[in-house]
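Below is one structure, written out as structure tokens, with a few remarks after it.
Numbers here are sequence positions counted from 1. Hydrogens, waters and symmetry mates are skipped; everything else that's a heavy atom, side chains included, is used.
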Amino acid sequence: MTLVVLAHGTNDPAGRATWGALLTRVRSLVPDVGVRLAWAGVARPQLADLLPKLDPGPVVVVPAFLASGFHVRRDVPDQLAALGRTDVRVTEPLGPDAVLVDAALSRLRDAGWRSERVVLAAAGSTDPVAQADLRVAADLMRERVGAAVPVGYVAGGDPRLAEVVAAQDGPVALLTWLLAPGVFHRWASAVGAAVVAEPLGDHPAVASLLVDRYRASVALAG
């Protein structure tokens with residue numbers, strides 16, 4: 001059995017190093033499982049490159065995404081259909097999940113958050129399903145911080161993060177709903193927030209959730 005972690009894709013050195021560190025954590029949790037990384041875009045190898053090179057046997061792909069957008073619902077199924085692979089199972093994406101919300105809040109506290117108004121900083125999407133997932137994450141955060149958590153998009157869709165931050169009354173703390181550092185986090189850091197959390201990165205909760213998704217798929221297959 002092989003576990004393939006499917007990430008969005010980046011050529012940013014810090015981002016690639018973060019994914020490497022996260023896979024090291026995952027491998028430590030499932031030492032008897034082959035764990036590989038594939039990219040959904042930008043970088044190589046992508047699924048279409050990696051899958052033909054794997055040893056014969058079942059494969060579980062865990063989409064390391066924080067919402068069910070284009071890659072999860074269209075791109076991955078289309079790639080698998082083109083490859084004719086029937087031995088590949090694709091799990092639910094990582095987010096939105098309460099475990100990740102707690103991890104993101106821990107990153108925010110580590111960044112120095114005290115009483116600033118919390119805004120969720122997401123990469124963004126024009127996909128309505130992905131936007132609904134982000135609202136679920138914001139609702140989970142609201143339950144934990146005791147106040148509404150507005151969502152701002154860094155790259156795609158509305159409302160834009162800079163506009164959401166500017167509309168708040170008082171200092172803002174950005175709860176970073178991103179998995180790895182890179183251009184999106186740099187853009188988020190430049191919108192004028194008083195506190196900016198680091199991405200989820202190789203937080204132990206992310207590694208544990210990846211493994212949980214894999215194990216649930218294996219158990220479901222019997």
Side-chain angles (χ1 to χ4, degrees), residues 7-10 12-19 21-22 25 63-69 93-210:
H8 188 275
T10 180
D12 184 274
R16 294 180 76 94
T18 295
W19 284 109
L22 180 59
R25 283 194 184 275
F65 293 91
L66 299 177
S68 297
L94 295 186
D97 193 286
V99 168
L100 296 185
V101 169
D102 292 336
L105 284 169
S106 75
R107 292 290 197 217
L108 190 60
R109 295 186 185 97
D110 290 344
W113 171 56
R114 294 296 180 267
S115 59
E116 297 87 357
R117 176 69 182 273
V118 177
V119 170
L120 187 154
S125 176
T126 57
D127 185 290
V129 176
Q131 291 179 347
D133 283 348
L134 291 169
R135 288 193 294 271
V136 169
D139 286 343
L140 290 169
M141 294 168 190
R142 173 185 52 78
E143 293 173 2
R144 284 155 175 74
V145 304
V149 177
V151 179
Y153 295 155
V154 177
D158 291 308
R160 307 297 284 193
L161 180 61
E163 296 170 356
V164 174
V165 170
Q168 305 309 307
D169 183 15
V172 168
L174 291 187
L175 193 151
T176 303
W177 199 236
L178 300 170
L179 279 165
V183 64
F184 288 172
H185 189 248
R186 289 193 292 273
W187 289 348
S189 300
V191 299
V195 178
V196 180
E198 291 298 312
L200 289 161
D202 64 336
H203 193 287
V206 181
S208 295
L209 187 58
L210 280 164

Within this structure, what is the CG-OG1 distance for the pair L200 and T176, rounded to the nearest 0.5 Å?
8.5 Å
As an exercise, state the distance from CG of L120 to CG of L66, rounded to the nearest 0.5 Å.
9.5 Å
With Y153, which residues qualify under ring-ring contact (aromatic ring centres under 6.0 Å, His included), at least two apart?
none
Distance-minimising heavy-atom pair for [X] and [Y]:
X	Y	answer
H203	S106	NE2-OG, 3.2 Å
D97	L140	C-CD1, 4.3 Å
W113	V195	N-CG1, 4.0 Å

Does any N or O in the side chain of R160 come within less than 3.5 Å of the main-chain N or O of A155, such that one atom is a donor and the other an acceptor?
yes
Keeping R107 on the side-chain end and L175 on the backbone end, is there a donor-acceptor pair under 3.5 Å?
no
Residues 162-172, side-chain donor-acceptor partners within the protein, below 3.5 Å, at least two apart:
{"unit_1": "Q168", "atom_1": "OE1", "unit_2": "R117", "atom_2": "NH1", "d": "3.1"}
{"unit_1": "Q168", "atom_1": "NE2", "unit_2": "V164", "atom_2": "O", "d": "2.8"}

Scan for salt bridge (Lys or Arg N to Asp or Glu O under 4.0 Å) pairs involving residues 188-199, sequence neighbours excluded, and state none if there are none.
none
Under the salt bridge (Lys or Arg N to Asp or Glu O under 4.0 Å) test, which residues partner R25, sequence neighbours left out?
D202
Output all residues satisfying salt bridge (Lys or Arg N to Asp or Glu O under 4.0 Å) with D102, sequence neighbours left out; order by chain, then residue number.
R144
Go through the structure and list residues passing side-chain hydrogen bond (donor to acceptor under 3.5 Å, both in side chains) with T126, not counting sequence neighbours.
none
Review item, side-chain donor-acceptor pairs of residues 179-193, under 3.5 Å, at least two apart:
{"unit_1": "H185", "atom_1": "NE2", "unit_2": "A197", "atom_2": "O", "d": "2.9"}
{"unit_1": "R186", "atom_1": "NH1", "unit_2": "D12", "atom_2": "OD2", "d": "2.9"}
{"unit_1": "R186", "atom_1": "NH2", "unit_2": "D12", "atom_2": "OD2", "d": "3.4"}
{"unit_1": "S189", "atom_1": "OG", "unit_2": "H185", "atom_2": "O", "d": "2.8"}

Would L210 and L22 count as a side chain to side chain contact (heavy atoms under 4.5 Å, CB included) here? Give the steps.
CA-CA 10 Å; L210 280 164; L22 180 59; 3.9 Å; yes
Under 3.5 Å, which donor-acceptor pairs link side chains of residues 128-139 to any protein atom two or more places apart or in another chain?
{"unit_1": "Q131", "atom_1": "NE2", "unit_2": "S125", "atom_2": "O", "d": "2.7"}
{"unit_1": "D133", "atom_1": "OD2", "unit_2": "S68", "atom_2": "N", "d": "2.7"}
{"unit_1": "D133", "atom_1": "OD2", "unit_2": "S68", "atom_2": "OG", "d": "3.4"}

